[in-house]
Amino acid sequence: MRKIFVTLCLAGALAAGAAEVMCSFDSTDGLRRALGVPSSRFALELVQGEGRTTEGTAALRLNCRSAVAEGNHYFSVFVTLPAPIDLRQAALHLDARSGTPEAKAFYLRAYNRGETKPAWSFATWASPLTAEWQTFRFQHSLCPEGVAWEPAMVEDRVASAVDRIELIIGTHEDETDIEAVFDNLRLGPPIGTLSNLTQVKVDPPETPLVRAGQSCSLILHPSDAAGTAAAARLAEAIRARTGAAPACRA
């Protein structure tokens, strides 16, 4: 029996060319502290030196200490973009690391110009930031590095004119030092997914009935009279068109 395999091909090739840098974090221009209890330490620092950056001359360090308070502790920075960007068919890439395992939470949110609620929102408390640099890739509803999409936070907003990005870190612990270092916020090509698949690869199977004048097929039919007669008619039709009749078997 011939087996038919159907393959769904996802277009995931990356476009050629260098990524467009949205923020190199070489200065604190365009950066603004947001979340953070006033009594806790929260400093925006530029770090430099071998291994401390991934692009340019510096990276941004959020140097924080949680206060004594109910619930979780969050610290965030707004990154103002050079101009509003349309992220509907694009992705954001961000290099990040942390030397403090107590920094359990990492969020990224994107806001359209003139809006106070996010058009993108990703969040995790699974300690994604490690001592080694990682590149986190964000696009609509997907971060392959494990930062979860938050549909309830986004609702029906569309990231068509994003002018600022919010980076958030957090901890459960009171009076605890946490940090995160960010570098090279840039645009990148999106990963192909089922949601943006526009065409399925078509590979029509070919089933030869006759090859080199010889039948290479077999008609299987029910053993009753009607099945035998139907198979005979089909075999004769094939013979009339190709010159070779397939065998029939009940």
Novice: Examine Val162 and Leu31 and state if one hydrophobic cluster contains both, with Ile, Leu, Val, Met, Phe, Trp and Tyr joined whenever side-chain heavy atoms are less than 4.5 Å apart.
Specialist: yes

Novice: Could you go through Leu187 and Leu87, starting from their C-alpha distance and side-chain angles, then the distance that decides it, and tell me whether this counts as side-chain contact (heavy atoms from CB on, under 4.5 Å)?
Specialist: CA-CA 9 Å; Leu187 284 178; Leu87 294 179; 3.6 Å; yes

Novice: Looking only at non-hydrogen atoms, find the nearest pair between Ser76 and Leu35 and report the distance.
Specialist: OG-N, 2.9 Å

Novice: Less than 3.5 Å apart, any donor N or O on the side chain of Asp95 or Thr135 sitting next to an acceptor on the other?
Specialist: yes

Novice: Is it true that the side chains of Thr171 and Glu102 contain a donor and an acceptor less than 3.5 Å apart?
Specialist: no

Novice: Between Phe42 and Arg33, is there a cation-pi geometry (under 6.0 Å to ring centre, at most 45° from the normal)?
Specialist: yes

Novice: Quick one: NE2 on His73 to CD on Glu173, what's the gap to the nearest 0.5 Å?
Specialist: 8.0 Å

Novice: Indicate, with yes or no, if Ile168 and Trp125 share a hydrophobic cluster defined by side-chain heavy-atom contacts under 4.5 Å among Ile, Leu, Val, Met, Phe, Trp and Tyr.
Specialist: yes

Novice: Enter the distance from Ser98:OG to Arg61:CZ here, rounded to the nearest 0.5 Å.
Specialist: 9.0 Å

Novice: Got Ile165 and Leu108 here, is their nearest side-chain heavy-atom distance under 4.5 Å?
Specialist: yes

Novice: Do any N or O atoms from the side chain of Asp224 and from the backbone of Gly227 form a donor-acceptor pair under 3.5 angstrom?
Specialist: yes

Novice: Would you give the length of the straight line joining atom CD of Glu175 to atom OG of Ser40, rounded to the nearest 0.5 angstrom?
Specialist: 11.0 Å

Novice: Supply the atom-to-atom distance Leu46 CG to Arg52 CZ, rounded to the nearest 0.5 angstrom.
Specialist: 10.5 Å

Novice: Can you check whether Phe106 and Phe136 have ring centres sitting under 6.0 Å from each other?
Specialist: yes

Novice: Testing the basics here: between Ala245 and Ala235, what is the closest heavy-atom pair and its distance to 0.1 Å?
Specialist: CB-O, 3.7 Å

Novice: Is Gln134 reaching over with its side chain to a backbone N or O of Pro128, donor-acceptor style, under 3.5 angstrom?
Specialist: yes

Novice: Could you give me the CA-CA distance, side-chain angles and deciding distance for Arg249 and His221, then say whether side-chain contact (heavy atoms from CB on, under 4.5 Å) is met?
Specialist: CA-CA 6 Å; Arg249 189 175 72 196; His221 61 84; 5.5 Å; no

Novice: Under 4.5 Å between side-chain heavy atoms, counting indirect links through other Ile/Leu/Val/Met/Phe/Trp/Tyr residues: same cluster for Leu44 and Phe75 or not?
Specialist: yes

Novice: Mind running side-chain contact (heavy atoms from CB on, under 4.5 Å) on Asp163 and Thr80 for me, showing each step along the way?
Specialist: CA-CA 6 Å; Asp163 68 352; Thr80 302; 5.9 Å; no

Novice: Measuring only between side-chain heavy atoms, which start at C-beta, is Arg137 closer than 4.5 Å to Ile191?
Specialist: yes

Novice: Look at the rings of Trp149 and Phe122 and say which category their plane angle falls in: under 30° parallel, 30 to 60° tilted, over 60° perpendicular.
Specialist: perpendicular

Novice: Leu60 and side chain to side chain contact (heavy atoms under 4.5 Å, CB included): which partner among Thr53, Val77, Val181?
Specialist: Val77

Novice: Do Asp183 and Arg97 sit within salt-bridge range, that is, some charged N less than 4.0 Å from a carboxylate O?
Specialist: no

Novice: For a 4.5 angstrom cut-off between non-hydrogen side-chain atoms, does Ile238 reach Pro246?
Specialist: yes

Novice: Give a yes or no answer on whether the side chain of Ser66 reaches the backbone of Thr176 with a donor-acceptor pair at less than 3.5 Å.
Specialist: yes

Novice: From Glu155 CD over to Ser121 OG, what is the distance, rounded to the nearest 0.5 angstrom?
Specialist: 11.0 Å

Novice: Between Thr57 and Gln48, is any pair of side-chain heavy atoms under 4.5 Å apart?
Specialist: yes

Novice: Report yes or no: do Tyr111 and Glu166 form a side-chain donor-acceptor pair below 3.5 Å?
Specialist: yes

Novice: So which atom in Gly170 and which in Ile178 form the shortest heavy-atom distance, rounded to 0.1 Å?
Specialist: C-CD1, 4.1 Å

Novice: Is the shortest heavy-atom distance from the side chain of Met22 to the side chain of Ile85 under 4.5 Å?
Specialist: yes

Novice: Should Ile169 and Phe182 count as side-chain neighbours, where that means a heavy-atom distance under 4.5 Å?
Specialist: yes

Novice: Does any non-hydrogen side-chain atom of Lys117 lie less than 4.5 Å from one of Arg157?
Specialist: yes

Novice: Please walk me through it: do Thr54 and Asn184 pass side chain to side chain donor-acceptor pair (under 3.5 Å)?
Specialist: CA-CA 7 Å; Thr54 62; Asn184 197 14; 4.5 Å; no

Novice: Yes or no on side-chain contact (heavy atoms from CB on, under 4.5 Å) for Val147 and Phe138, after CA distance, side-chain angles and deciding distance?
Specialist: CA-CA 9 Å; Val147 187; Phe138 300 93; 4.0 Å; yes

Novice: Are there more than 12 heavy atoms of other residues, nucleotides or ligands under 6.0 Å from atom CZ of Arg41?
Specialist: yes

Novice: Between Trp120 (side chain) and Ser141 (backbone), is there a donor-acceptor pair under 3.5 Å?
Specialist: no

Novice: For Cys216 and Val210, which heavy atoms make the closest approach, and how far apart are they?
Specialist: SG-N, 3.8 Å

Novice: Which heavy atom of Pro190 sits nearest a heavy atom of Ala90, and at what distance?
Specialist: CD-CA, 4.1 Å

Novice: Please determine if Glu236 and Arg239 form a salt bridge, counting it only when a charged side-chain N lies under 4.0 Å from a carboxylate O.
Specialist: yes

Novice: Any side-chain heavy-atom pair from Arg109 and Arg164 closer than 4.5 angstrom?
Specialist: no

Novice: Please report the shortest heavy-atom distance between Ala180 and Leu129, naming the atom on each side.
Specialist: CB-CD1, 3.9 Å

Novice: Testing the 3.5 Å rule here: is there a donor-acceptor pair between the side chains of Asn63 and Glu45?
Specialist: yes

Novice: Going from OG on Ser160 to CG on Asp86, what distance comes out if it is rounded to the nearest 0.5 angstrom?
Specialist: 6.0 Å

